[in-house]
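A note on names: the letters A, B, ... follow the listed sequences, proteins ahead of strands, and every chain is numbered from 1. In this text, all values refer to a predicted model and were calculated from it rather than measured experimentally.
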Amino acid sequence: MAETSEGPGSELRTARESMGVNIREVADAMNLPTHVIEALETDDYDRLPPSVFTRGYLRSYARLLEVPPEPLLARYPEVTEEMDAVTGELPSVSIPARPSLPMLLGAGAAVILIVLFLVWWFADDDEAVPTSAPVVDPAETRNLPPATRPDPAAAGEGIAEAAESEAITEPEETEADVVQASEAVETEARETPVLSAPETVSEPVAAPERVEQMPVRIEPETAPVETVPVETAEPAVVRTAVPGRQERRITEFGDDVAIFEFSEDCWVEVKSLDGENLYSDLNRAGRTLVLTGRAPFRVLLGYAPGVSLRFNDEPVPLERYSRNNVANLVLGER
Amino acid sequence: MFKNIRGLFSRDLSIDLGTANTLIYVRDQGIVLNEPSVVAIRVQGNQKTVAAVGLDAKRMLGRTPGNITAIRPLKDGVIADFLVTEKMLKYFISKVHENSFIRPSPRVLVCVPCKSTEVERRAIRESALSAGARDVRLVEEPMAAAIGAGLPVQEAVGTMVVDIGGGTTEIAIISLNGVVYSDTVRVGGDRFDEAIVAYVRRTQGSLIGEATAERIKQEIGAAYPQKEIREIDVRGRNLAEGVPRSFTLNSNEILEALQEPLSMIVQAVKSALEQCPPELASDIAETGMVLTGGGALLRDLDVLLAEETGLPVIIAEDPLTCVARGGGKALELMDAAGNADLLSTE
């Protein structure tokens with residue numbers, strides 16, 4: 001850097017000359033070589049050591065010449081921001097609440113975590129319904145062929161519809177609920193016995209699961225299997241339905257067959273000997289339940305007088321095992 | 001793990017845990033705390049509680065009732081009272097994080113004296129960890145002071161730093177990010193105060209407190225004969241009469257009082273120069289030595305050292321905060337270099 005009148009050098013030189021001191025004396029007093037003093041006076045910072053030293057020399061030189069050093073240092077060209085900050089007053093302890101980058105990142109991560117958690121939480125709630133709800137096949141719900149339907153004014157229609165809607169909206173109710181619902185339908189049907197048109201339920205036997213949910217139940221006393229055509233509008237109550245026959249394989253292997261015929265509603269529970277639950281359900285009067293599997297089975301019948309049981313085509317005398325109408329027996333024990 | 005999460009909400013700190021003052025430097029914000037390393041302890045039966053820390057506690061020094069003791073948990077730059085140091089650090093760290101609602105867990109760089117032993121360093125490290133730091137690094141004080149003063153420590157050039165603190169004076173010759181030679185003398189600002197107290201007692205027959213001695217040192221203390229003589233009025237308890245008396249001291253008397261501790265510093269500096277490798281000695285002879293620390297503010301100390309050693313002596317800018325600032329810069333350098341061991345000791 002060439003000589004500039006901006007730097008503090010010229011002022012130092014003037015001060016030195018006015019005091020009548022030469023460079024040699026100054027150099028001796030400051031323990032510095034004369035070329036450093038010359039460089040200081042000519043603002044030739046290229047020949048001087050790093051700024052920390054140069055600033056120190058300037059301060060010492062100024063003090064030696066009894067010149068206040070701060071104004072000189074302020075004109076030193078390499079005043080960095082940092083040095084300004086350093087020489088300034090200490091800031092008070094309170095730190096401005098400026099969030100730092102890591103702080104922002106942390107807060108962002110926390111927000112994302114919370115959002116993910118909420119999404120998971122609510123998604124879990126929502127999924128509970130669709131996953132467990134069976135897809136109701138519209139064809140299935142319209143199981144009643146239109147031709148067999150009676151006059152829309154007939155109560156039977158209402159019943160069927162009510163039952164249909166019941167089946168659609170709450171298909172996965174607990175067993176008890178289904179029972180209640182179908183019972184309600186039944187009582188309703190009984191209240192309007194005369195009006196109820198003969199109803200043809202062309203229930204395929206191949207769909208035993210649906211049978212259970214069919215709203216129209218066979219009264220135990222009426223067991224006609226024939227389909228009554230709509231044209232024969234008999235005033236008498238002709239409630240016909242295919243007898244519910246449910247076949248179920250309860251163990252992977254084995255050909256032992258237990259046939260339960262229900263004349264009354266009865267709770268059936270079948271377990272293996274080591275306590276594994278193979279089947280348990282409430283069976284309606286008039287139904288037939290066929291369980292196939294490998295004996296022995298431990299069977300519990302909630303209302304034994306309403307059940308006749310055949311095991312491998314041999315009738316089982318339930319009364320022998322009954323107590324208070326509850327039968328507890330083991331089938332096929334060897 | 002929680003410390004890491006809390007660390008996101010904390011700032012990296014550089015702590016100059018000094019005998020007299022503790023300074024904390026926060027990256028991008030500079031020095032945010034400068035308080036005396038004093039803790040006032042209240043004793044109630046067997047229970048000890050912290051009554052005050054820092055400035056408040058310092059005002060209590062020498063003025064406490066029986067159940068409160070104001071103590072300095074650091075002596076000669078190292079921990080004298082582990083538990084109290086921990087409490088003090090915890091207080092300072094939380095004070096720096098005043099706006100934070102989460103308990104802070106910062107990365108902390110602490111400056112330790114060169115000659116501190118492994119046990120003393122471990123005590124400082126443990127103390128900072130118990131005060132809530134998640135990571136503690138130790139850097140030798142003169143290295144931090146040199147970085148804070150802006151010396152070219154990373155270059156293959158010898159530089160000499162004399163850091164005169166409250167309890168110790170650290171002398172180091174540094175080159176290539178390492179300490180080539182270092183020495184510690186247990187003389188510092190406190191020793192100057194004690195020397196003044198002893199001098200006043202001897203010459204005036206009066207007893208003054210440390211706070212008064214410090215005020216005398218700051219106002220008229222000098223290390224080299226002054227052209228104009230300055231005076232100060234002080235009050236102390238006359239030992240013979242037992243009542244407070246007022247008397248006047250001048251700068252030459254104080255210079256005389258300080259002779260002993262000053263000569264110890266000069267001796268240490270000379271012996272450092274004697275043991276310095278010749279290449280580095282020539283570097284130092286060319287550029288000179290740099291004074292940092294609160295002791296560098298003693299009037300004309302640089303003139304005394306220049307006179308005694310025949311070397312240029314300069315005083316760093318803002319010598320009081322050099323160590324803390326240097327520690328902060330050291331943290332940045334370590335991060336930039338991706339090397340946690342770049343400057344740390346151990």
Check: Just wondering, do A:Phe53 and B:Ile314 contact through their side chains at under 4.5 Å, heavy atoms?
Finding: yes
Next item on the list: Please report the shortest heavy-atom distance between B:Ala52 and B:Ala57, naming the atom on each side.
Entry: O-CB, 3.5 Å
Notebook entry, point to check: Any side-chain donor-acceptor pair under 3.5 Å between B:Gln226 and B:Asp300?
Noted result: yes
Notebook entry, point to check: Going by the salt bridge (charged side-chain N to carboxylate O under 4.0 Å, His left out) test, which pairs reach into residues 16-32 of chain A, not counting sequence neighbours?
Noted result: A:Arg16-A:Glu41
Notebook entry, point to check: Do B:Thr159 and B:Pro152 have side chains that get closer than 4.5 Å, going by heavy atoms?
Noted result: yes
Item checked: Contacting moiety of B:Pro312, where chain A heavy atoms sit under 4.5 Å -> both
Check: Where along residues 30-37 of chain A does a heavy atom come under 4.5 Å of chain B, listed by residue number?
Finding: A:Met30, A:Asn31, A:Leu32
Check: Can you name the residues that form a side-chain contact (heavy atoms from CB on, under 4.5 Å) with A:Glu276, not counting sequence neighbours?
Finding: A:Ser272, A:Asp274, A:Leu278
Next item on the list: Drop me the distance from B:Cys276's SG to B:Ile171's CD1, to the nearest 0.5 angstrom.
Entry: 12.0 Å
Item checked: Proximity of residues 286-298 of chain B to chain A, residues having a non-hydrogen atom under 4.5 angstrom -> B:Glu286, B:Thr287, B:Gly288, B:Val290
Note to self: Below 4.5 Å, heavy-atom pairs only: which of B:Ile24, B:Ile315, B:Asp302 has the largest tally toward chain A?
What the structure shows: B:Asp302
Check: Under 4.5 Å between any side-chain heavy atoms of B:Val323 and B:Thr321, yes or no?
Finding: no
Checklist line | Between B:Tyr224 and B:Glu307: side-chain donor-acceptor atoms closer than 3.5 Å | finding: yes
Next item on the list: Measure the CG-CG distance between B:Leu305 and B:Leu311 for me, rounded to the nearest 0.5 Å.
Entry: 9.5 Å
Notebook entry, point to check: Can you check side-chain hydrogen bond (donor to acceptor under 3.5 Å, both in side chains) on A:Tyr45 and A:Asp43, steps first, answer last?
Noted result: CA-CA 6 Å; A:Tyr45 301 115; A:Asp43 296 329; 3.2 Å; yes
Checklist line | Contact origin within B:Val157 toward chain A - heavy atom pairs under 4.5 Å | finding: neither
